[in-house]
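Below is one structure, written out as structure tokens; comments come after it.
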Amino acid sequence: MSPATRSGSTRKVAVVGVALSDCGRVDEATPYTLHAQAARRALADSGLARDVIDGIASAGLGTLAPVEVAEYLGLRPRWVDSTSVGGATWEVMAAHAADAIAAGHANAVLLVYGSTARADIKAKRRTSNLSFGARGPLQFEVPYGHSLIAKYAMAARRHMHEYGTTLEQLASVAVQARTNAATNPDAMFRDPITVDEVLDGPMIADPFTKLHCCIRSDGGCAVLLVAEDYVADCASEPVWVLGAGEHVSHTTMSEWDDFTVSPAAVSGRLAFGRAGVTPGEIDVAEIYDAFTYMTLVTLEDLGFCEKGEGGPFVEKGRLLRDGGLPTNTDGGGLSAQHPGMRGLFLLVEAVRQLRGQAGAGQVRRADGTLPELAVASGTGGWFCSSGTVVLGR
């Protein structure tokens, strides 16, 4: 597929470096260490020198992110982004970076993330948070005690009520994610699970049992985007940014018009339209999956099936690596890794699949060729924000 020029662009934009830091159970590292590991590995993957990087995007670490991260990495960027919209952060940042590169405001932008969320709890350096705070609009909800998980659970129950979605269909999302994780050496959990095991697990927030919820891990990753001028000097095959979209819908549940519609309904439409492709042309989907319902409703809102048909769509094995729509091919946040704002991991996996670098977990089209188009869609908060990026070879 020929790289498309973004609307109003003067330069095309490619992803030329992707990498993970150490992931899973990482007890002897700081978040800064994981940032540095991922950044070095992504740069090595690209084959470019460090001094080519003139932009950095980072969130979630330090008082002045991304200033502190840039200093730690020895970078002095002239373009920065610290947008923080939860799990959708990295797709939104990728869109911003692509626009900046296309317009000539930067040449090479590094997106980098790292977190020791699991290790910090184990070492009692932090505790699990029940809410995101009690200031601003959130003050009107916090007294009623809903946690982030409870908000997702309410949305899932609404979808079940409106469309007849079943617990078994939601559980099948977790089962397929675990099956995909089985061949990923970087996945934290690879042993197979069944629908019954998901349903019989300890209840976290009705209807979510433990295996309906993402794991908590340590880890980080990095993605390097560059202008087309730099591609010839890269060691890796470029993956082109074809289109991107972003959208925010609410922060308080009372302002959410419809619990069965996520902001991906807007960000996806924008991304596909700008890329000039349709959902039916996508070979691989990487979807934010903090909870099983998130995967199901995002697939609906991106247009892979009609609204309300997500349950029947996911229960037929379509999300498996050899299914009709390979989804979360690394095992996702439900099985591979989830150190916090996981959206950047979606971009890493999408790029590896398009390059044919996913090892035993590689997706192939029906004719045996490599996938040509992938979509990465991140979600933040409790369906508060969405960023969607379409990538192609």
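Between T63 and E68, the shortest heavy-atom contact is N-OE2, 2.8 Å. A pairwise comparison of heavy atoms in G219 and L34 identifies N-CD1, 3.7 Å as the closest pair. The minimum heavy-atom distance linking A59 with A65 is given by the pair CA-CB, 4.3 Å. For the residue pair Y288 and L346, the shortest heavy atom distance occurs at N-CD1, 3.7 Å. When every heavy atom of T116 is checked against every heavy atom of A29, the shortest pair comes out as CG2-O, 3.5 Å. Residues V231 and A14 share a closest heavy-atom pair of CG2-CB, 4.0 Å.
Counting heavy atoms from C-beta outward, T292 and F208 have side chains that approach closer than 4.5 Å. Between L224 and V18, the closest side-chain pair of non-hydrogen atoms is not below 4.5 Å. Residues E281 and T278 meet the side-chain proximity criterion, which asks for heavy atoms closer than 4.5 Å. Side-chain atoms of L391 and L347, non-hydrogen and from C-beta on, do get closer than 4.5 Å to each other. Looking only at side-chain heavy atoms (C-beta outward), D54 and W79 stay at 4.5 Å or farther from each other. Residues T83 and H96 form a side-chain contact, since some pair of their non-hydrogen atoms from C-beta on lies under 4.5 Å apart. Side-chain contact between L302 and P279: absent, with no pair of heavy atoms (C-beta onward) separated by less than 4.5 Å. At a threshold of 4.5 Å between non-hydrogen side-chain atoms, the residues E372 and R365 count as touching.
Expressed to the nearest 0.5 Å, how far NE2 of H250 lies from OG of S385 amounts to 9.0 Å. Taking CE of M188 as the reference point, atom CZ of R216 lies at 10.5 Å (rounded to 0.5 Å). The structure places CD1 of I53 at 5.0 Å from CG of L110, a figure rounded to the nearest 0.5 Å. A distance of 11.0 Å separates CD of Q139 from OG1 of T252, quoted to the nearest 0.5 Å.
Within 6.0 Å of the CZ atom in R135, the count of heavy atoms belonging to other residues, nucleotides or ligands does not exceed 12.
In summary, the aromatic rings of F259 and H161 are positioned with their centroids too far apart to meet the 6.0 Å limit.
R178 and D191 are not joined by a salt bridge, as no carboxylate oxygen comes within less than 4.0 angstrom of a charged side-chain nitrogen. A salt bridge links R342 with D330; the closest basic N to acidic carboxylate O contact falls under 4.0 Å. Under a 4.0 Å N-O distance rule, the pair D27/K122 does not qualify as a salt bridge. Ionic pairing of R355 and D45 is present here: one or more N-O contacts between side-chain nitrogen and carboxylate oxygen are shorter than 4.0 angstrom.
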- Residue pair R274, V390: steps toward the side-chain contact (heavy atoms from CB on, under 4.5 Å) verdict: CA-CA 9 Å; R274 291 164 180 169; V390 178; over 6 Å; no
- Passes side-chain contact (heavy atoms from CB on, under 4.5 Å), L370 versus R364? Steps please. CA-CA 5 Å; L370 291 175; R364 292 195 175 271; 3.5 Å; yes
- Message: Set out, in order, the CA-CA distance, both residues' side-chain angles and the distance that settles side-chain contact (heavy atoms from CB on, under 4.5 Å) for L334 and V173, then state yes or no.
- Response: CA-CA 9 Å; L334 293 169; V173 174; 4.1 Å; yes
- Query: Would V363 and D283 satisfy side-chain contact (heavy atoms from CB on, under 4.5 Å), going step by step from the backbone distance to the final call?
  - Reply: CA-CA 8 Å; V363 169; D283 298 308; 5.7 Å; no
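Sequence neighbours left out, the pairs with a member in residues 293-305 that pass salt bridge (charged side-chain N to carboxylate O under 4.0 Å, His left out) are E300-K307, D301-K307.
In this structure a side-chain-to-backbone donor-acceptor pair under 3.5 Å is missing from D218 to R25. Listed for the R190 side chain is no donor-acceptor partner under 3.5 Å among the backbone atoms of T183. No donor-acceptor pair closer than 3.5 Å links the side chain of S335 to the backbone N or O of G332. A distance-only check finds no donor-acceptor pair linking the side chain of Q357 to the backbone of R352 [under 3.5 Å]. Of the possible polar contacts, one joining the R78 side chain to the H105 backbone as a donor-acceptor pair under 3.5 Å is found.
A donor and an acceptor atom, one from each side chain of Q37 and D22, are located under 3.5 Å apart. In summary, the side chains of T194 and D196 do not present any donor paired with an acceptor at a separation below 3.5 Å, with no hydrogens or angles considered. Side-chain N/O atoms of R11 and N107 include a donor and acceptor closer than 3.5 Å. Side-chain atoms of T327 and E286 include no donor-acceptor pair closer than 3.5 Å.
Between Y293 and H159, the ring planes are perpendicular. Angles over 60° get that label, and only those under 30° would be called parallel. In this pair, Y152 and F291 present their aromatic rings tilted. The plane angle is within the 30 to 60° band.
In the hydrophobic clustering of ILVMFWY residues, with side-chain heavy atoms under 4.5 Å counting as a link, V284 and V348 come out apart.
Between P326 and the choices D322, N328, T329, the side chain to side chain contact (heavy atoms under 4.5 Å, CB included) rule is met once, by T329. Results of the side chain to side chain contact (heavy atoms under 4.5 Å, CB included) test with T295 over L319, T379, V314 single out L319 as the only residue that passes.
Listed by chain and number, the residues in a side-chain contact (heavy atoms from CB on, under 4.5 Å) with P263 are H247, S249, F383, S386 (sequence neighbours excluded).
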